[in-house]
Amino acid sequence: MKANADEAPLLSEAHAAFVQRRISMNVAGRDAEKRPALARGLGIRVAPDRRTLTVYLSTTHSARLLQCLRDNGAIAVAVTRPTTHETLQFKGRVREILPLSDADIEAMAAYRDSFAAELEPLGYRRDFVRQLLAGSEHGVAVVFEPTAMFDQTPGPKAGEKLGEKP
């Protein structure tokens with residue numbers, strides 16, 4: 001399904017800025033029997049037109065999830081700012097799974113530093129974040145088109161749909 005050029009992207013500029021810094025990220029999929037597979041994301045990049053997101057996954061720590069994504073293309077990504085618990089969830093369709101480029105490796109390093117900066121005030125050291133995000137040396141870039149976005153911040157609006165593509 002190709003996006004209509006006249007249609008506004010699902011992500012606002014504010015949402016795009018939020019998801020790229022100081023967040024914790026979990027990526028999920030499901031197999032043919034609808035059993036979930038989950039892995040920690042190692043970074044995220046928003047396309048300039050905000051119509052696709054690219055998440056980075058370790059091939060060594062995400063093998064089952066990657067197989068699910070290849071089999072059916074259904075993906076869900078939750079991003080949370082640990083110091084505030086502000087959370088967005090995206091559901092969508094995988095467009096492609098690619099080897100990492102030099103720009104992807106740089107984006108992953110920037111994500112790791114940003115996440116470490118977010119966790120330091122909570123008492124976590126940078127070496128903890130490096131261990132938590134280990135496996136980036138064997139990674140892939142998963143490009144997906146978000147088709148629905150939800151506010152998952154704890155509170156009265158948790159679960160509220162913020163947007164959906166037809």
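Just so you know, residue 1 is the first one in the sequence shown, and it goes up from there.
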Name all residues meeting the side chain to side chain donor-acceptor pair (under 3.5 Å) criterion together with D127; count only those two or more places apart in sequence or in a different chain, and write none if there are none. R125

Going by the salt bridge (charged side-chain N to carboxylate O under 4.0 Å, His left out) test, which pairs reach into residues 147-161, not counting sequence neighbours? K161-E164

Residues in side-chain contact (heavy atoms from CB on, under 4.5 Å) with T80, at least two apart? T87

Results of side chain to side chain donor-acceptor pair (under 3.5 Å) for R21 - residues two or more places apart only: none

For A116, check side-chain contact (heavy atoms from CB on, under 4.5 Å) against everything at least two apart and list the hits. R126, V129

Going by side-chain contact (heavy atoms from CB on, under 4.5 Å), name the residues that satisfy it together with R30, two or more places apart in sequence or in a different chain. K34, N72, A74

Pairs touching residues 91-120 that satisfy ring-ring contact (aromatic ring centres under 6.0 Å, His included), sequence neighbours left out: Y111-F115

Sequence-distant partners of F144, ring pair (Phe, Tyr, Trp, His ring centres under 6.0 Å), two or more places apart: none

With sequence neighbours left out, the residues meeting side-chain contact (heavy atoms from CB on, under 4.5 Å) with A109 are R112

State which residues pass side chain to side chain donor-acceptor pair (under 3.5 Å) with Q67; sequence neighbours excluded, sorted by chain then number. D71

Counterpart residues, salt bridge (charged side-chain N to carboxylate O under 4.0 Å, His left out), relative to R45 (two or more places apart): D104

Does a side-chain heavy-atom distance below 4.5 Å link H61 with R40? no

Could you list the residues that satisfy side chain to side chain donor-acceptor pair (under 3.5 Å) with T83, not counting sequence neighbours? E118

